[in-house]
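First up is the structure itself, then whatever we jot down about it.
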Protein chains: 2
Amino acid sequence: MDTATPPGLRERKKQRTRDALLRAALELFTTRGYDNTTVDEIAEAVDVSQRTFFRYFAGKEDVAFAAQDIAHTHFVEAVRQRPPHEAPLEALRNAVLESWDTIEEAIEQVVPLELYLRMCRLTESTPALLASHLRRTDEVFEETARIIAEREGLDVDTDPRPRVAVAVFGGVIRVTERRWGTDGDLSVTAIRALTASYLDAVGPLLTEKWRTG
Amino acid sequence: MDTATPPGLRERKKQRTRDALLRAALELFTTRGYDNTTVDEIAEAVDVSQRTFFRYFAGKEDVAFAAQDIAHTHFVEAVRQRPPHEAPLEALRNAVLESWDTIEEAIEQVVPLELYLRMCRLTESTPALLASHLRRTDEVFEETARIIAEREGLDVDTDPRPRVAVAVFGGVIRVTERRWGTDGDLSVTAIRALTASYLDAVGPLLTEKWRTG
DNA sequence: GAGGCTAATGACAGTCACTGACAATTGACA
DNA sequence: TGTCAATTGTCAGTGACTGTCATTAGCCTC
């Protein structure tokens, strides 16, 4: 698919502008806050016009999730790569845990990992960003459900199980995110451990009794 | 809490203005689409200034969810009223199914039920509204988790189970919504049945094998 | 390596959601 | 009836976007 032609000056320049805008935006968002940062300020920080910003990113929200999109892509890809013998929830579990490893490197190629992590935390505390984030993950889970359905040889629109399984999984991921975004330990190691322990809590939930009394 | 004093002319007028704005907004949203409706048009339809609109509703999104908020409130209340002997997921299940009954009447007091249902469908197909909706339900589920934790005598910040249980439940609700908002049958009866059947699918999901081969 | 083609940019004007400030109006109540 | 306070309209301003058009700057050919 990729054209073997090495990128010319034009392409390299575009890439640099995009990177600079992205980094400047995240830096400004995470220091001053999302709502307190204007698109003009981002553009000015990179010394381009506001109009140019909107040629690279569809909107202010878009640039905020540019790094997160990479993470989402990695997760979806990890789900696709899971061996067919794994049960659906097992495959999903392994996919998240595994993708957390490959994600670090991929993110670093665009923005410093620490900046991405700070952005995650900001997302949790900024209503507009949280809303957008939830919609984006909703889309990711829809795609995930289709993959799971295909794996199992089911029709996603007829059999409720693929979507329900992914929804259950997604619900747990959401709890993990919230906790991670609120807690002190903002590291990839921490979220890996948190994800694993929360996912393990699902099974017992449906059968065990909670109250000791 | 309520002042026994009957509402004067002033209060009645305010209520009428609010109702008119709400109804006009939903009517315009569901006919022309959310993005194709301006706040000015809503205000004009009720013959008040744009500024007045913003004195009744915090924003364009707010008015879109005014009816939905009633539904959310009813659900949370239903959870609170569940008898303590029910298991958490059992209580949640009964709460949704029960609240669907009381909701109809409550909604009708503000807007025609049919208008509310059309608005639900629009929410599913309008990105900005879907994002906002997901964030609002996220809040509802956070509150729900606290209620469940209290019921079970647990600390919501220490024990992961309340939040995980509600997240699992919430995930299934989301799938139900999506399906209902996409399908043909836009009735309360339909969503009740759908909710019940999808919730029943959770248990088997974790243990049963999907593939017959 | 000059010139034409096309993509990238900047400048500008306009729309729409929303907010603060101030003046005019209008119920409420003595 | 007159005063007080709440409601409203008007107006000006900000910030996120979008369309348009002229200018600039890589790229490619002859």
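Throughout, protein chains are lettered first and strands after them, A, B, ... in sequence-line order, and every chain is numbered starting at 1. Keep in mind it's a predicted model, so treat the numbers as computed, not measured.
The ring-ring contact (aromatic ring centres under 6.0 Å, His included) analysis of residues 101-149 of chain B, with sequence neighbours excluded, yields no pairs. Within the structure, every pair that satisfies the ring-ring contact (aromatic ring centres under 6.0 Å, His included) test and touches residues 43-63 of chain B, not counting sequence neighbours, is listed here: F53(B)-F57(B).
A salt bridge links D157(B) with R163(B); the closest basic N to acidic carboxylate O contact falls under 4.0 Å. Between R146(B) and E150(B), no side-chain nitrogen of the basic residue sits less than 4.0 Å from a carboxylate oxygen of the acidic one, so the salt-bridge criterion is not met. Salt bridge annotation for E142(A)-R179(B): absent, with no cationic side-chain nitrogen under 4.0 angstrom from a carboxylate oxygen.
Between the NZ atom of K60(B) and the C1' atom of dA16(D) there is a distance of 13 Å, given to the nearest Å. L21(A) has its CG atom 12 Å from the C1' atom of dT9(C), to the nearest Å. When the C1' atom of dG19(D) is taken as reference, atom CZ of F54(A) falls 13 Å away, rounded to whole Å. In this entry the distance linking CD of E61(B) with P of dC16(C) reads 18 Å, nearest Å.
Put simply, the side chain of L199(A) reaches to within 4.5 Å of the side chain of F169(A), judged on heavy atoms.
Between the side chains of S187(B) and D185(B), at least one donor-acceptor pair of N or O atoms lies under 3.5 Å. Defined by atom type and a distance below 3.5 Å, a donor-acceptor pair is missing between the side-chain atoms of E90(B) and N94(B).
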Under 4.0 Å protein heavy-atom contacts per nucleotide of nucleotides 3-11 of chain D, with B for base, S for backbone only and - for none:
--BBSBBB-
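Here the closest non-hydrogen pair linking A145(A) and V156(A) is O-CG2, 4.0 Å.
Heavy-atom distances under 4.0 Å link DNA chain C to T37(B), T38(B) of residues 27-38 of chain B, given in residue order. Using a 4.0 Å cutoff on non-hydrogen atoms, no part of residues 118-132 of chain A comes near DNA chain C.
Residues forming a side-chain contact (heavy atoms from CB on, under 4.5 Å) with D159(B) (at least two apart in sequence, or on another chain): L154(B), R161(B), P162(B).
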